[in-house]
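Values reported hereafter were calculated over all heavy atoms of this structure, with side chains retained and with hydrogens, waters and symmetry mates removed.
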Protein chains: 2
Amino acid sequence: MILKSQVEWALHCCAILAGLPEGRYLSTKALAEFHGLPKEYLSKALQSLSQAGLVHTTLGPSGGYRLARPPAELTFLEIIEAVEGRAPTFVCTNIRANNPCRPQGYCESGPCAVARIMGEADEAWRAKLRSVRLSDLVASLSQEIPAELWRSSFEWVLDRAG
Amino acid sequence: MILKSQVEWALHCCAILAGLPEGRYLSTKALAEFHGLPKEYLSKALQSLSQAGLVHTTLGPSGGYRLARPPAELTFLEIIEAVEGRAPTFVCTNIRANNPCRPQGYCESGPCAVARIMGEADEAWRAKLRSVRLSDLVASLSQEIPAELWRSSFEWVLDRAG
DNA sequence: GGGTTGTTACTCGGATACGGCCTGTCCGAGTAAGTTTGG
DNA sequence: CCAAACTTACTCGGACAGGCCGTATCCGAGTAACAACCC
């Protein structure tokens, strides 16, 4: 059980987009080159974000992406679920129904104990991700990255925006 | 990101094994037929449990599996990790290293903020699973399953043990 | 009758096959900004 | 000088290929309990 690499890409791209000046857009090409990623494939991840309504997009030159909401109103979970999907990590195939001793027509209601516990663990994971906002990530990043590198990186990427 | 079906199978099988009388073993065949699962493939899940040291096995007739420890000393996490592997759900490919503005030879130490947050979420999931013991599952199951079905199921499966 | 041999039933591990999903690439359609052209 | 047409650069969506992994099956090797056999 492993998250697809697009999740990592989407999170890093959102961190960049969070620092974008109002009204400007960042192209897939700029984001791909900055992170050293295949442009065409990264585009798929950004499309997922767009489809989920987390980013806005504009066509034409100087087009690209920008966040649809301020970073403080975007959670990790939203970004991850946009790319990875909202399916629970554990799917119960209800194998208890195959019990040969089960009385005819007997139908247990609700999820079994196994599914319930796995669901709680899944929810613990999601709750943690829901509690972290994109603005928290930006705050962490700007703490652990030298101010000089932070500034020059933004210049570099803004240079490639229209 | 979805857990393999073997995880569900292993958990249900462990629940059955937890009620096994001392000194007896349960064969793959009995467990497979009881749950309506392909015997050969279920065997792979049980082999994983065996390799992780969670169950003991005996060859020959009346052979099979039994728990290596009492159910109160077996956690959900151990069972799941035995089948699913211990790899973290999020792998950081360290794409920050591709930043074109990164000074030559500059090497950031430790995981980046994204990896750290994802790691914390992963740990929240594991902590929940670590807190649930196999004996807790058995207690839940015996509450939600009619006593009669519980008893007859055990008779059925013990009938198929040597 | 006791020890030896053979049979049976099981686990274990490897080999193999198939399908689906993740990864990655390519290309055409549509759109918006800037440039050129024509009146 | 202004408006229309053209070019450019980007997003979007679909199509497609390759590879890995989960699912599933089959089979041979090894082992332990039991049955049969022989001295």
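Computed from coordinates, the Tyr41(A) OH to dG13(D) P distance equals 17 Å when rounded to whole Å. Between Leu42(A) atom CG and dG24(C) atom C1' there is a gap of 12 Å when expressed in whole angstrom units. Distance, Glu8(B) CD to dT23(D) P: 11 Å, rounded to whole Å. Here dC21(C) presents its C1' atom at 15 Å from CE of Met1(B), a figure rounded to the nearest Å. Atom CD in Gln6(A) sits roughly 8 Å away from atom C1' in dC22(C) (whole-Å rounding).
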Summarise how protein sits on nucleotides 3-15 of chain C as a single string, 5' to 3': B when a protein heavy atom is under 4.0 Å from the base, S for sugar-phosphate-only contact, - for no contact.
-> ------BBBBBB-
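When side chains are defined from C-beta on, Leu42(A) does not count as touching His35(A), because their heavy atoms never get closer than 4.5 Å.
Checked by atom type, the side-chain pair Thr93(A)/Glu8(B) shows a donor-acceptor distance below 3.5 Å. Checked by atom type, the side-chain pair Asn94(A)/Arg96(A) shows a donor-acceptor distance below 3.5 Å.
A donor-acceptor pair under 3.5 Å links the side-chain atoms of Ser140(B) to the main chain of Asp136(B), judged by distance alone. A donor-acceptor pair under 3.5 Å links the side-chain atoms of Ser153(A) to the main chain of Leu149(A), judged by distance alone.
Taking Ile, Leu, Val, Met, Phe, Trp and Tyr as members and joining any whose side-chain heavy atoms lie under 4.5 Å apart, directly or through other members, Leu59(B) forms no hydrophobic cluster with any other residue.
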